Each structure stands twice: as structure tokens, then as C-alpha cells.
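Quantities reported herein were computed from a predicted structural model and do not represent experimental measurements.
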Amino acid sequence: MATLAKRSALILYDATSALIVSLLLSLAFAGPAYAYIDPSVMTYTIQAVAGVAVALSAVAGVALRRGRKKIYRILDIDENAKRIREPDVHRLDELGNPIMSASELEQAVAPESGAEEAPEGAAGTPSKKRRKPIFSGKPYKPTWKERLAYGAVVAFFFAFTIYFVAPLEIVAGSSSDLTYSVGDVWWVLVPPGLGIVTVITLTFLLLRGRGFSLVLLVVFALGLAAYLQALFLNVGLPAADGATIIWTDHMVMGIVSSVVWVGLVAAAVVFGLLFARRAQGVAAILAVALVLVQAVGLASLVIAPPDSGGSRGGKVVMTEDQLFTVNPNHNVIVFVLDTFDTAYLNRVLDMNPNLLDGLTGFTNYENATSAMIPTRFAIPEMLTGQMPSFTESYETYANERYARSDYLSTIYDADYSIGLYTDSLRISTLPREEQYGITSKTVNMHDLPNSMMDYNGTLYSLYQMGQYRDAPWPFKWAFWYYTDEINRSMVAGGTDTAPDETVYTMDDIRYYNRLCKFGLSLEEGEHAGAFRFIHLLGSHYPFNYDEEVNDLGTDNSDVFRQSQGAIHIVTEYINQLKELGVYENTTIIITADHGYWTITLDPIQETSTPIMFVKPEQSAELDALPIKVDEKPVSHLDMQATVLDAMGKDWSEYSSRDEWAGYSMFGEIDPNRVRYYLTTDSLPDLTAVAFREYMIDGNALVWSNWHETGRFIEPIEQS
């Protein structure tokens, strides 16, 4: 009976212990919260929680193990009672007597406890105690199995942290901007990653003694430093938007980052020299724990909610298909030259007064305003006509703006072929069926063949992104990149590749060269017309081409030369329309997604006015007239009404809106119209903090006509 009670107590204790450890570990594998959180913050937060969970579980395991031993003592249970212990092993001489080792002999002849010790200075004894040398005792010689096991664990942690987790977390958090998703590129990292692990592990096998421990600890310290760099030391890291970075502006973080890296490596060296055997165990345990923590964080970004289409909703991507085709009946072409401000235009017209001579039949609406800023907000507004409300959260607006809009559906139902060429649709987080509802209406968004990925370029880009995030500040400049550069590197195909086999990337030089090579042609099929929305880099940095669209290399041009080059590209397109004989029945809008904009948390201090050139379908005589200037107060809020008016469709719903009314630029617009505009208060890493509303009462080129309304929209819901 007593035995049964003791067993029951042990079973109850073991069950309770298992429950405690399970509850702690559950923190590391909690389900994702379906709310808008910046991806970098999301994974770091989850990694921190997972790390705490793993640490608490380890501590709990040790405590519960000791508690179990106390239970044995309390219940008077001998845990070794039924174990068979083998006798000590001794070498025997030829007579069968045990041969004692030197240490055993020394212990046998040592004075018993309580015996008098020889007085200091007596014969045969040293006068002073000698200090034990730091590296005295048995030499540290780990076996090849130990070197293989510990080396493989640390090598895997190092490669997993820097060459797998870092690039994949960036891809997962930037699915709206990158051509490929995590599901498309993860396999690219596996073979070279395993190769890196193998090379490092074999290197460890070649090392012996304390040299092995020293190198093992240094490699672990470098991996740990990269992990801490991404977790805590990237404060103020510039976004990959192509802007030239003045690295001296980040001197403080550079110093802090350098101190942490040097300190970790130095500590690893000291620890490896003083406690070689213990050091390798500690490194291996921490490596395993950090691999688990990072795996949880990565899984939280890769695994999408059940009703979502994943990071990109399949392999549907934006290709160049029909990029160079127009319709013989009617066309509406929209060119978006990124960041092309009217102030830039006025400057380049002073430099080149004949710049706009090729834009015959156009009207220059120089009193124009954007609706939202920057690109990631402006482009979706231009393709939906939807603006956020002050009575709902931003995430609700972002999730529903395409579903609320019938703009693209109206164009599609009017039997216009739709070609959308931009990297800023921002539909990747929508459910799969909603994404398909948009992409299925286009002629250029379809399944991505595997042959369209450049393996070497993709691998190089992934490593470049990962190193930019994980490298210490003094070395980040070597891995600097921008999004369009990454997309171009990942996509296979040269200037001779057919458009329908090429992913569209924002590369103005490439676009111009392919326009000249392939030329415009008439599309096949019996459509009533064609709608093309073409987003180019325009006046946005980096500045890499001149007035004739010659490639000068990154940052070897300037905004004024590149702005002239962007007009040169559009002029070439217009000339080809004229040669095809379809210029008269083509409506063209040349604008920018926004004007000049500065990343700041403070109110803006100057105007931001995008260019707005518009040409309607009209007679050859009117199309031959030189461009004229009109001071009509227009806005990006008028884009949808103007396009639908050009197609002969009803656009009255846009003019009936209270706050964000839009009108056709081909009709009458009240010269005293007050326009509204949302700027974005942003941190240097482009994390949206709030939308700030302005009203423009009068000419948008005059700063005194801009006024804050005092209304804000929070794009990220604060908990």
C-alpha cells in the first residue's frame, strides 16, 4: 500500500511538471495576431517572447528535476535501487593484482584526515604555495566526434541566422514590393546554406585543442552579434528606397554597434581560452535555443491566416505582357513618373525650354495636387479612387479599398483591356480570391514560370538584403541596395526576352531600350479599347540616367537630368503612337504619384505638386497644337472621373462624395475649389505613423495657400 502511494505521488508530480513546461513552451508557439504590425517589429517581438519561453522552460526543467530528487528523499526512495552497477575497472599485473595509477597511489599514501601537515619550510616542502597555471592540468583535446557535434551545431546557427533567416524575414515583410515571395525563394537558400554549414564544420574538424574552442566561440559570437544587431541595433536603419545615405549621420549607432560586436568577440576569446570544455557546451546550448527562437519568428511571417492567399496568393506576378501594345479603336494611357514635382519641371524648362515640344495637343495643369503620399498610398488610390475615412482605422481601409471600388471593374466591363505596370499595387495581403478578382481583369498579371527567376541573381540579392540588415553599421554601406535593384536582379531575361516572358520591374533605362527595340504595335482581339497604367522611376532617386536615357551608373546623374530623360521616354512613346496612326483616338495622362516629399514626423514646410499633363481624344488639328498651360485646380482625386469620362462612362459617383470629391478634367471645375490632401508623418525607416490632412485653398504652388485642418488618421492601430 505504501509503495502504491509513493508511486502515485511521483506520477502526480511528473504530470504537474509536464504541464508546467508545456504551458511555458506554448508561449513560443502562440498563434499570430491578425492585426497590422510592422513585419520587422512582429518577428522581433515573437522572437523575444519565444526566447523568454525557452529560457523559462530550461530553468523550470532544472528546478523540477531537483524537486523530483527531493521527493525521492522525502519518500525514502532509492532511485538507484534497481540499477545494476558494474565494479570499478582496474588493470591487473601478471599475478592478478590491481595496478594502481599514480593518482591512486598518491591518494593511498596521503595523510588521513586530522594528521598534522608538514610545517612550512620543512624539508621536502615548498616554502610558498605555487599558483596554478591558467592552462595547467590535462591538455584540452576534444575528440573528432565532439568537434563534429559541437561544430555542426554552431555552424548551423551561424548560417541559419545570417544566410537564411535574415533574407527570408525581409522578403516576408516586403511581399508587397518584391516580385517573389518567401514560398518562391526559400529553396534558393538551402543548397548554399548547407554548403556553408559543411565548410565551417569541416574547418572545425581540422582544428584541435584550444584552437578549436577559440574558433568555435568566435563563430558563435559573430552569429550572436548578427542576431542582436537585427534585434536591437538597427535603430534608424534607412529604408531601401534608393535614397543616397549619409552614413556619418548614423555615427552614434555605428559606435554602439561596433562596441557590441567587438565586445562579444573579445568575450568569446577569453571564455574559450579559460574554460574551453565548458565554453563549447554553452555555445551549443545557446545556438540551439536561438535557432528555435528564430524559427518561430520566421514561421510567424511565412504562415498566413487561413483566409489569406499567402504572401503573394500564388505565383501570379506582373509581367510586361502587352506593355507595348495599343488598341486601334481607343486608348487611355496613364504614365506615372515617380516624384516628378512641378518645381522640378519649372527648373528643367529653364535649362531646356524645348523639352515639352513633343507633347503636342496636351494641357499642362500646373495647379495640381496629389491625394495621398508617398507611393505605397498614392498608387492604390489612383487605381481605386478610395480615400481613408476619419471614422475608421487605416487597416480597415487598406484591407477594403479595392473591394469598395468598382473603378477597374467599370473599365473591364467597358471591354477595355487592362494593363497595370507598377510595383505598388499593395494587394499581396488580400485574400486569394480578392487578389484574383483584380489580376484576372488584367492582360499582364498571370502565373510565373520558374524559368523567369534568375537563380544567381536571386541568391545574390537575398544575401545582399540579409547582410544589409545583420552587418554592423560600419559595414552596411557595402550591402546597400534599393527595391527596384533587387527585383531586377531576381528576374531572368535580357533586352531580347519577349515581354510576356518578362517580369515588369521599374527600370526606366530598360523600359526605354525595349520600347525602342520592340516598338508599339496594335493589340490582337476585338476590344473596344485599351487602358494602360505605366509606372516609371521618373524623378525618384537613385539618379542613374541622363537627358537621352543613357545609363550613367547609380548616383552619377541628378534629379534635373533624369527628369528630362523621363520626358524623353514619354515623348518616344508618343512619337510611336503618331507613327501607328492612333494618336488622335488616344487619351493620355502624364502625372506623378506625388511631388517632392521629405520623410519627417513634423508638418511639411513647402508645397508638393505633381506634374499633370493631359491630352484628350481629339482631332488631328488639335493634336498638332503646342502644349498649353491651364490654372484649373485639379487633383489626383480627378483621375478616375477623367479616365471614365474619356471612355464615355458615368463618373458622377466621384463628384458626389463629400470630402474627397473628384471631377473630370475635361469639364468645368470651380476655380475656387478647395482641395484636400493627406501627407504621411513617417520615421526614417518609412514606418507610417499618421496621416495629416491639409486643405489647399488657391494656387497649389503658393505655400501660403496650404493649411492644416487638424485632422489625423492613424495608419497603425496602437494597442
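The aromatic rings of Y394 and F691 sit tilted, their planes meeting at an angle between 30° and 60°.
The shortest non-hydrogen separation linking T339 to G595 is CG2-O, 3.8 Å. Residue S181 comes nearest to V171 through the heavy atom pair C-CG1, 3.7 Å, listed as atom of the first residue, atom of the second, then distance. Nearest heavy atom pair, residue L217 against residue F271, reads CD1-CD2, 4.2 Å. Minimum heavy-atom separation, R692 to D602: NH2-C, 4.2 Å. Across Y463 and G193, no two heavy atoms sit closer than the pair OH-N, 4.1 Å. Across every non-hydrogen atom of G151 and L216, the tightest pair is CA-CD1, 3.9 Å.
Residues F220 and F158 form no side-chain contact, since every pair of their non-hydrogen atoms from C-beta on lies 4.5 Å or further apart. At a threshold of 4.5 Å between non-hydrogen side-chain atoms, the residues V165 and E169 count as touching. Side chains of L430 and I427 form a contact here, defined as non-hydrogen atoms less than 4.5 Å apart. Using a 4.5 Å heavy-atom threshold, the side chains of M453 and M490 count as separate. Within the 4.5 Å cutoff, the side chain of L459 has heavy atoms near those of the P192 side chain. Two residues are said to be in side-chain contact when any heavy atoms from C-beta on lie closer than 4.5 Å; L286 and L224 fail this criterion. A heavy-atom distance below 4.5 Å is not found between the side chains of D423 and M318. N234 places a side-chain heavy atom less than 4.5 Å from the side chain of W473.
Between the Q562 side chain and the N544 main chain, a donor and an acceptor come within less than 3.5 Å of each other. With hydrogens and angles ignored, the 3.5 Å screen pairs no side-chain donor or acceptor of W597 with any backbone N or O of H594. No donor-acceptor pair under 3.5 Å is formed between the side chain of D470 and the backbone N or O of Q467. With hydrogens and angles disregarded, no donor-acceptor distance shorter than 3.5 Å links the side chain of W247 to the backbone of G254. Between the side chain of N550 and the backbone N or O of D546 there is no donor-acceptor pair closer than 3.5 Å. Checked by atom type and distance alone, the side chain of Q280 never pairs as donor or acceptor with a backbone atom of Y150 at under 3.5 Å. No donor-acceptor distance shorter than 3.5 angstrom exists from the side chain of Y545 to the backbone of G565, with no hydrogens or angles considered. Using a distance-only test at 3.5 Å, with no hydrogens or angles considered, a donor-acceptor pair links the side chain of R147 to the main chain of L207. Side-chain atoms of S682 do not come within 3.5 Å of backbone N or O of I599 as any donor-acceptor pair. Side chain of D508 to backbone of L537: a donor-acceptor contact under 3.5 angstrom is found.
Here CD of Q294 is found 9.0 Å from CG of L298. Values are rounded to the nearest 0.5 Å. Between the CE atom of M465 and the CG atom of L462 there is a distance of 4.5 Å, given to the nearest 0.5 Å. The CG atom of L189 lies 10.5 Å from the CG atom of L194; values are rounded to the nearest 0.5 Å. In this structure, R561 CZ and L552 CG are separated by 5.5 Å, a value rounded to the nearest 0.5 Å. The CD1 atom of I373 lies 7.5 Å from the CD1 atom of I604; values are rounded to the nearest 0.5 Å. Rounding to the nearest 0.5 Å gives a distance of 5.0 Å between NE2 of H540 and CG of D338.
Using a 4.0 Å cut-off between charged nitrogen and carboxylate oxygen, K141 and E146 do not count as a salt-bridge pair.
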>> If you apply the rule ring pair (Phe, Tyr, Trp, His ring centres under 6.0 Å), what do you find for Y455 with W187, and how did you get there?
In response: CA-CA 10 Å; Y455 178 87; W187 62 273; 5.7 Å; yes
>> Between R426 and I379, is the side chain to side chain contact (heavy atoms under 4.5 Å, CB included) condition met? List the steps.
In response: CA-CA 9 Å; R426 314 295 291 187; I379 294 297; over 6 Å; no
> Could you go step by step and tell me if L237 and M253 meet the side chain to side chain contact (heavy atoms under 4.5 Å, CB included) rule?
Replying inline: CA-CA 9 Å; L237 182 65; M253 284 307 304; over 6 Å; no
> Hey, mind stepping through W480 and Q464 against side-chain hydrogen bond (donor to acceptor under 3.5 Å, both in side chains) and telling me if it holds?
Replying inline: CA-CA 8 Å; W480 177 89; Q464 185 177 14; over 6 Å; no
> Given L148 and L205, is the side chain to side chain contact (heavy atoms under 4.5 Å, CB included) satisfied, shown in steps?
Replying inline: CA-CA 6 Å; L148 176 63; L205 282 176; 3.9 Å; yes
> side-chain hydrogen bond (donor to acceptor under 3.5 Å, both in side chains) between S393 and E714: does it pass, once the steps are laid out?
Replying inline: CA-CA 7 Å; S393 65; E714 297 290 337; over 6 Å; no
>> For F157 and Y227: C-alpha separation, side-chain torsions, deciding distance, then whether ring pair (Phe, Tyr, Trp, His ring centres under 6.0 Å) applies.
In response: CA-CA 10 Å; F157 161 67; Y227 175 77; 7.4 Å; no
> Would R469 and Q229 satisfy side chain to side chain contact (heavy atoms under 4.5 Å, CB included), going step by step from the backbone distance to the final call?
Replying inline: CA-CA 8 Å; R469 190 191 78 164; Q229 178 72 45; over 6 Å; no
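Shown here is Y460, whose OH atom has no more than 12 heavy atoms of other residues, nucleotides or ligands within 6.0 Å.
Side-chain atoms of Y541 and S539 form no donor-acceptor pair, as typed in the model, at a separation below 3.5 Å.
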